[in-house]
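So that the names make sense, note that chain A is the first sequence line, chain B the second, and so on, each numbered from 1.
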Amino acid sequence: MVCPLPCASLCMLSSFNIEQRRSSHISSKPISESPKTELFRKFNSPFELKQVHTLVIKTGMPISDLPLSRVASVCARTPSFPYAQQIFQQVDQPETFIWNSCLRDFAESDSPFDAILLFYQIRRYNVLPDSFTCSFVLKACVRLQYLFHGRIIHAFVEKLGLQLNLVLLNVIVHLYASCGRINDAILLFDKMPQRDVVTWNTMITQLVKMGDIDSAYKMFVQMPDRNLRSWTAMIAGFVQCGKPKEGIALFTKMEEVGLKPNEVTVVAVLAACADVGALDLGRRIHDYSDKRGFTRNIHISNTLIDMYIKCGCLKASCDVFKNMKERTIVSWSAMIQGLAIHGKAKEALELFSEMIYTGMKPNGVTFLGLLNACSHMGLINEGRSFFASMTKDYGIIPCIEHYGCMVDLLSRAGLLEEAHELIEQMPIKPNAAVWGALLGGCKVHKNIEMAEIAMRHLHELDPLNDGYYVVLSNIYSEAKKWEDAAKVRKMMRNRGLKRQLVGVQLLLAGREKLALVFGLINTPPGETIRIFKNLRVCEDCHASFKLISSIVKREIVVRDRNRFHCFKDGYCSCKDYW
DNA sequence: CTAGGGTTAG
């Protein structure tokens, strides 16, 4: 992160002459419409500003009609500050007020750095700053994660005697915490003479961002008053920290207290439902959202799509998607990924074409969905061509997850050498997921040599994960290499990994079937049965489910770690490729 | 009403 000294930022203002010369011929360029109107809106240099100013004076237009932020932004970057000051002093508003509005615009713009520049100019030319001035420039510091400037402004706040202003202190707490200085934030929090619900909410959110959900919850319990935002922040916090069950439990408590969820709460709760597969609650929230008109909110529809997908209701997610009047890349990517994990590769690819046709630009996540689709259905050539196209046609640099998908795609298809080559030549250091994908392929295609290569890396990258040892041991066992299998088990024991290799699989297999029987007894005939598990479905269960689905004439949807299996009339949506 | 806190796809 660039964090120039304040004096350095002032030095940057010396580009005045270059800018003036570069832009002086803009006005002589042929412009459609009225060139003067164009100039009035878009002037970019002090030179053009003077032209506009002249225009204002000539036409007798009130000076307050000038786009003041434009004036300020031109002058923030050049030594023409006094010129803008002159103009502002003729406007029928306090000068500080106008500079503050400009600061606010800059702080919220795409280049918040302008606010920092302008702030130092304001200081230099002795405009009297107030608490609003500080709050806007602090906001820019937060957005830019400029701790250095933030500390300067903090000191400045004290110098101005504003150290008791609660709003400012809240922003400063936010600044320190969001810049990773949680201890500074806590220090300030502890010595604040008073705190309000915003102070507490800020701490909770930032603690969650640091991954410290326990401290966040302690504060949530400890705080004197909680508003809807406090509850929402805490629910979202649980979801973000991978504790969706706790999130749902807290939501239930919130309802008991009598608070009604708003749009943001709904997004967080739906995300929790998606993670644990709480379809009933998800449907209830969907109803509620419809009643309150929340479904027009794109965030909510996007999250609904995701929730239905992860709960195994592809149809319901399609309905939400179709009913959306506007869609973002998140909507499309979620839907493509949804089709992919439900084994509808063809539909996923078609949806992608449709998306491109509407002019929506894909991003990295979109391609993850596409590669997933290809991977689950063994579409090797399509996968290769998407992987090439993402960079070539859309300028998206593949990240580790994309490589993981490609390795998965090639390995599943038995192209273990090609997968290994891809890993060897990828520009990022491969992680455990990448080598794990290769190992998975080695199991399916019974390649012991390659499995050993993958294992050497996994051993190093993720030594405490017993799952890989289990896979390797199984590969040896299947090849009847009992001694090697025993060696792996010994290795696990030496590392203190105690999982019972054979017992685990049997137990899980039993559980899946038990879940199915339970579902058959407890649901009306004909209704879809949904089973969730946190590992991969084993081959034995997969075969049984196909059979049972045709006998009882019911759909059985199983969510495993990676995807969905929809069993119907003796067939599975994965077409046995998984 | 010139300022501060909570949200989605992998």
Within residues 354-362 of chain A, the residues having a heavy atom closer than 4.0 Å to DNA chain B are none
Determine the contact category for S101(A): base if any of its heavy atoms lies under 4.0 Å from a base atom, sugar-phosphate if only primed atoms, P, OP1 or OP2 are that close, otherwise nothing.
-> nothing
Sugar-phosphate, base or nothing in reach of V365(A), heavy atoms under 4.0 Å = base
Check residues 69-76 of chain A and write down every donor-acceptor pair under 3.5 Å in which the side-chain atom is one partner and the other belongs to a residue at least two apart or another chain.
{"residue": "S69(A)", "atom": "OG", "partner": "D105(A)", "partner atom": "OD2", "Å": "2.5"}
{"residue": "R70(A)", "atom": "NE", "partner": "F43(A)", "partner atom": "O", "Å": "3.1"}
{"residue": "R70(A)", "atom": "NH2", "partner": "N44(A)", "partner atom": "OD1", "Å": "3.0"}
{"residue": "S73(A)", "atom": "OG", "partner": "R70(A)", "partner atom": "O", "Å": "3.2"}

Measure the distance from NE2 on H174(A) to P on dA3(B) and round it to the nearest whole Å.
-> 17 Å
Please collect all ring-ring contact (aromatic ring centres under 6.0 Å, His included) contacts where either partner lies in residues 313-338 of chain A, sequence neighbours excluded, each pair once.
-> F321(A)-W332(A)
Looking at DNA chain B, which of residues 236-253 of chain A put a heavy atom within less than 4.0 Å of it?
-> A236(A), Q240(A)
Any residue of residues 207-230 of chain A with a heavy atom less than 4.0 Å from an atom of DNA chain B = N227(A), R229(A)
Give the table of side-chain donor-acceptor pairs shorter than 3.5 Å for residues 212-222 of chain A, with sequence neighbours excluded, one pair per line with atom names and distance.
{"residue": "D212(A)", "atom": "OD1", "partner": "S215(A)", "partner atom": "N", "Å": "3.2"}
{"residue": "D212(A)", "atom": "OD1", "partner": "S215(A)", "partner atom": "OG", "Å": "2.9"}
{"residue": "D212(A)", "atom": "OD2", "partner": "S215(A)", "partner atom": "OG", "Å": "2.6"}

Using the side chain to side chain donor-acceptor pair (under 3.5 Å) rule, pick out the option among N165(A), T96(A), N100(A) that qualifies with D130(A).
-> N100(A)
Any side chain to side chain donor-acceptor pair (under 3.5 Å) involving residues 232-250 of chain A? Give me the pairs, sequence neighbours left out, ordered by first then second residue.
-> T232(A)-T265(A)
Listed in order of residue number, which residues of residues 294-316 of chain A have a non-hydrogen atom at under 4.0 Å from DNA chain B?
-> H299(A), N302(A), T303(A), D306(A), K310(A)
Which pairs with one or both residues in residues 283-295 of chain A pass side chain to side chain donor-acceptor pair (under 3.5 Å), sequence neighbours excluded?
-> E255(A)-R284(A), H286(A)-Y308(A), Y288(A)-R292(A), D290(A)-T295(A)
List the atom pairs, donor and acceptor, that lie under 3.5 Å between side-chain atoms in residues 391-401 of chain A and the rest of the protein, sequence neighbours left out.
{"residue": "T391(A)", "atom": "OG1", "partner": "I396(A)", "partner atom": "O", "Å": "3.0"}
{"residue": "D393(A)", "atom": "OD2", "partner": "S389(A)", "partner atom": "OG", "Å": "3.0"}

May I ask you to list the residues of residues 191-199 of chain A, by number, that have any heavy atom positioned under 4.0 Å from an atom of DNA chain B?
-> D196(A), V197(A), V198(A)
Applied to residues 175-199 of chain A, the ring-ring contact (aromatic ring centres under 6.0 Å, His included) test, sequence neighbours excluded, yields H154(A)-Y176(A), F189(A)-W200(A)
Specify whether Y125(A) and F81(A) have parallel, tilted or perpendicular ring planes, treating 30° as the upper limit for parallel and 60° as the lower limit for perpendicular.
-> parallel
Contact class for Q337(A) (heavy atom, under 4.0 Å): base, sugar-phosphate, or nothing?
-> sugar-phosphate
Measure from the side-chain heavy atoms of A233(A) and tell me the nearest of dA9(B), dA3(B), dG6(B).
-> dG6(B)
With no hydrogens and no angle check, is any side-chain donor or acceptor of S109(A) less than 3.5 Å from a backbone partner on S111(A)?
-> yes
Is a side-chain donor-acceptor pair under 3.5 Å present for N372(A) with S375(A)?
-> no
Checking all strands, does S131(A) fall into the base, sugar-phosphate, or nothing category for heavy-atom contacts under 4.0 angstrom?
-> base
Quick one: L259(A) CG to dG6(B) C1', roughly how many Å, whole number?
-> 13 Å
For the side chain of T232(A), starting at C-beta, report the closest nucleotide among dA3(B), dG6(B), dG5(B).
-> dG6(B)
Looking only at side-chain atoms of T202(A), point me to the closest of dG5(B), dG10(B), dT2(B).
-> dG5(B)
